[in-house]
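What you see is a predicted model, and the numbers here were worked out from it, not measured in a lab. Counting from 1, the numbers follow the sequence of the chain as shown.
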Amino acid sequence: MAQIVAVSDKKLLAEFVDFPHELYKNDPYYVPELHIAQRDMLTPGKHPFHDHAKMQLFLAVEGEKIVGRVAAIINGNHNATKGVTEGFFGFFDTVNDKTVSSLLLNAAQNWLKENGQTSIMGPVNFSTNDICGLLIKGFDGPPVAMMPYNAPYYLDLLEDFDFTKKVDLRAYRYTAGNYDDRSVGLIDGLENRLKRSNIIIRKINLKKFKEEAAALKEVYNKAWDKNLGFVPMTDKEFNYTANDLKLVLDTDFCYIAEQEGKIVAFALAIPDINQILIKIKRGRLFPTGLIKLLLGKKKINGIRIMLLGVIDGYRKMGIEACLYGRIIKAFKARNFQYAEASWTLEDNDMVNRPIENIGGKLYREYRILEKKI
């Protein structure tokens with residue numbers, strides 16, 4: 001019979017981080033997270049999310065063997081912004097055993113209830129600004145950068161615990177030579193029209209990264225404010241995320257729309273770093289992981305289009321097409337083989353329809369589930 005152990009020291013935290021490596025050791029599509037990044041993310045004082053949040057990690061242990069893990073999370077900013085008492089569960093991984101999964105989910109649920117929450121939602125690894133969603137369709141390949149992955153049986157385990165669907169998220173895929181690149185041909189005309197309104201499209205300036213990031217935060221928090229569960233990032237959270245992204249950022253795939261010095265929109269695609277991470281055993285950079293990371297970056301041939309935001313007052317002017325067109329143009333010039341656009345809300349036709357019109361194929365779906373407690 002499995003027992004639940006609350007993570008209370010560095011040793012247990014390391015075991016919490018490492019458990020998925022053992023669970024998925026025979027799965028060719030599993031991509032290990034970098035150990036140091038996961039450890040810091042889950043350590044209060046290391047990641048700014050903890051400044052306004054509470055969290056408790058749990059392990060399920062059977063004898064001396066770990067068989068599952070889960071995090072119970074209270075996002076203070078989420079509850080204050082939305083006026084709710086919604087807790088989250090995240091970092092959920094388990095063997096295919098309903099008894100084990102029930103023990104884990106009970107532990108998370110009870111901790112959240114004891115701390116004043118009236119519902120539980122997930123899987124969400126901190127917030128919807130981070131990795132979130134349960135893979136429910138598209139188990140035929142590894143995930144792309146910063147997207148979740150799990151075994152197919154997870155959905156059955158969660159539904160057995162009376163979780164129900166809150167919303168589905170979508171991922172679309174483009175492959176080289178199999179998409180509509182008409183937007184590339186329209187770029188010049190659209191950009192000339194935008195210039196009459198003093199709007200220009202340009203690449204991000206890494207030499208002024210700190211200033212650029214500060215301006216982009218304002219656009220991010222305004223452009224996504226109506227998305228499901230969205231909560232504005234704090235300055236510390238945005239800077240933490242921006243500095244992480246800077247490590248993999250490719251200026252050919254990050255574009256900004258600017259009007260007289262004011263950033264009004266941006267689009268970001270990142271190289272699919274998972275092509276390298278999948279080869280780094282147990283997420284360790286040493287002794288050989290760092291070499292694989294450094295040597296492999298130039299060989300990446302796929303991207304994830306992860307952000308495209310335009311603030312109110314500047315939508316439907318052609319900015320979106322220009323930003324997408326610039327990314328497509330760079331995609332072709334670099335001879336990349338695939339792009340994933342993710343994630344989008346299932347009912348966001350204003351975003352999904354243009355993706356489909358360009359030739360994006362819906363190939364993966366993710367689900368966020370909820371339950372009253």
Side-chain angles (χ1 to χ4, degrees), residues 13 17 33-34 36-57 71-91 111-112 115-117 119-133 145-148 169 204-206 208-249 254 256 258 262-268 270 304 306-312 342-343 345 368:
L13 177 60
V17 172
E33 297 276 4
L34 288 178
I36 188 171
Q38 285 281 283
R39 183 199 65 198
D40 287 355
M41 187 177 185
L42 294 167
T43 302
K46 293 278 191 179
H47 193 288
F49 178 79
H50 300 285
D51 293 347
H52 60 82
K54 293 177 66 176
M55 179 183 71
Q56 179 59 60
L57 309 180
I73 302 161
I74 300 174
N75 183 338
N77 282 355
H78 171 87
N79 285 349
T81 302
K82 305 293 183 183
V84 295
T85 49
E86 293 175 340
F88 295 88
F89 76 95
F91 302 92
W111 184 88
L112 290 171
N115 283 274
Q117 307 308 293
S119 65
I120 180 172
M121 182 167 62
V124 175
N125 293 358
F126 281 177
S127 75
T128 55
N129 293 319
D130 304 291
I131 293 175
C132 61
M146 300 176 68
M147 288 296 286
L169 313 175
I204 191 171
N205 185 349
L206 291 183
K208 295 183 178 179
F209 184 75
K210 188 175 181 180
E211 293 87 344
E212 297 272 62
L216 291 174
K217 179 181 74 71
E218 298 302 316
V219 176
Y220 180 78
N221 285 339
K222 289 177 181 177
W224 278 269
D225 64 343
K226 293 180 175 62
N227 271 7
L228 168 89
F230 178 80
V231 176
M233 283 189 177
T234 66
D235 289 348
K236 286 183 179 179
E237 285 177 308
F238 193 88
N239 290 338
Y240 190 99
T241 301
N243 287 330
D244 273 356
L245 287 173
K246 187 181 179 183
L247 298 174
V248 297
L249 196 65
C254 184
I256 288 168
E258 186 176 66
K262 174 189 175 184
I263 296 177
V264 298
F266 76 97
L268 170 66
I270 59 172
R304 177 189 168 203
M306 62 182 297
L307 294 173
L308 192 156
V310 183
I311 64 175
D312 278 339
S342 60
W343 49 264
L345 293 169
I368 293 179

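Remark: Asp235 engages Lys217 in a salt bridge (charged side-chain N to carboxylate O under 4.0 Å, His left out) (not counting sequence neighbours). Residues satisfying the side chain to side chain donor-acceptor pair (under 3.5 Å) criterion with Glu258, sequence neighbours excluded, are Arg202. Gln117 pairs by the side chain to side chain donor-acceptor pair (under 3.5 Å) definition with Asn79, not counting sequence neighbours. Residues satisfying the side chain to side chain donor-acceptor pair (under 3.5 Å) criterion with Asn115, sequence neighbours excluded, are Lys54. When the side-chain contact (heavy atoms from CB on, under 4.5 Å) test is applied to Ala265, the partners found at least two apart in sequence or on another chain are Ala257, Val310, Ile319, Leu323. Looking at residues two or more places apart in sequence or on another chain, you find a side-chain contact (heavy atoms from CB on, under 4.5 Å) between Pro48 and Asp51, Lys236, Glu237, Tyr240. Among residues two or more places apart in sequence or in another chain, the ring pair (Phe, Tyr, Trp, His ring centres under 6.0 Å) test is passed with Phe49 by His52, Phe126. The side-chain contact (heavy atoms from CB on, under 4.5 Å) check on Cys132 picks up Val124, Thr128, Leu169, Trp343, Ile368, with sequence neighbours excluded. Shown here are the side chain to side chain donor-acceptor pair (under 3.5 Å) partners of Thr81, two or more places apart in sequence or in another chain: there are none. Shown here are the side-chain contact (heavy atoms from CB on, under 4.5 Å) partners of Ala242, two or more places apart in sequence or in another chain: Phe209, Ala213, Phe238.
Just one of Met147, Met146, Met306 meets the side-chain contact (heavy atoms from CB on, under 4.5 Å) condition when paired with Ser342; it is Met147.
Using a 4.5 Å heavy-atom cutoff, the side chains of Met41 and Phe91 are in contact. For the pair Leu268 and Leu216, the minimum side-chain heavy-atom distance is 4.5 Å or more. Asn129 has its side chain out of reach of Thr241: every pair of non-hydrogen atoms, C-beta onward, lies at least 4.5 Å apart. Residues Ile263 and Glu212 are in side-chain contact: their nearest non-hydrogen atoms beyond the backbone lie under 4.5 Å apart.
Nearest heavy atoms, Ile73 versus Met55: CG1-CG, 4.1 Å. Closest approach of Val219 and Gly309 over heavy atoms only: CG1-O, 4.1 Å. Considering all non-hydrogen atoms of both residues, His78 and Val231 come closest at CA-CG2, 3.4 Å. Between Pro232 and Asn221 the shortest heavy-atom distance is CA-OD1, 3.3 Å. Closest approach of Ser119 to Glu86, counting heavy atoms only: OG-CG, 3.3 Å.
Shown here is Ile36, whose CD1 atom has no more than 12 heavy atoms of other residues, nucleotides or ligands within 6.0 Å.
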Exercise for the section: Let me see the working for Glu33 and Asn125 under side chain to side chain contact (heavy atoms under 4.5 Å, CB included), right down to the final yes or no. Expected result: CA-CA 13 Å; Glu33 297 276 4; Asn125 293 358; over 6 Å; no
Exercise for the section: Please step through side chain to side chain contact (heavy atoms under 4.5 Å, CB included) for the pair Lys222 and Asp312, ending with a clear verdict. Expected result: CA-CA 8 Å; Lys222 289 177 181 177; Asp312 278 339; over 6 Å; no
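Here the CD1 atom belonging to Ile74 is positioned 10.5 Å from the CD1 atom belonging to Ile120, to the nearest 0.5 angstrom.
Side-chain contact check for Asp130 and Ser127: at least one donor-acceptor pair (N or O, by modelled atom type) lies under 3.5 Å.
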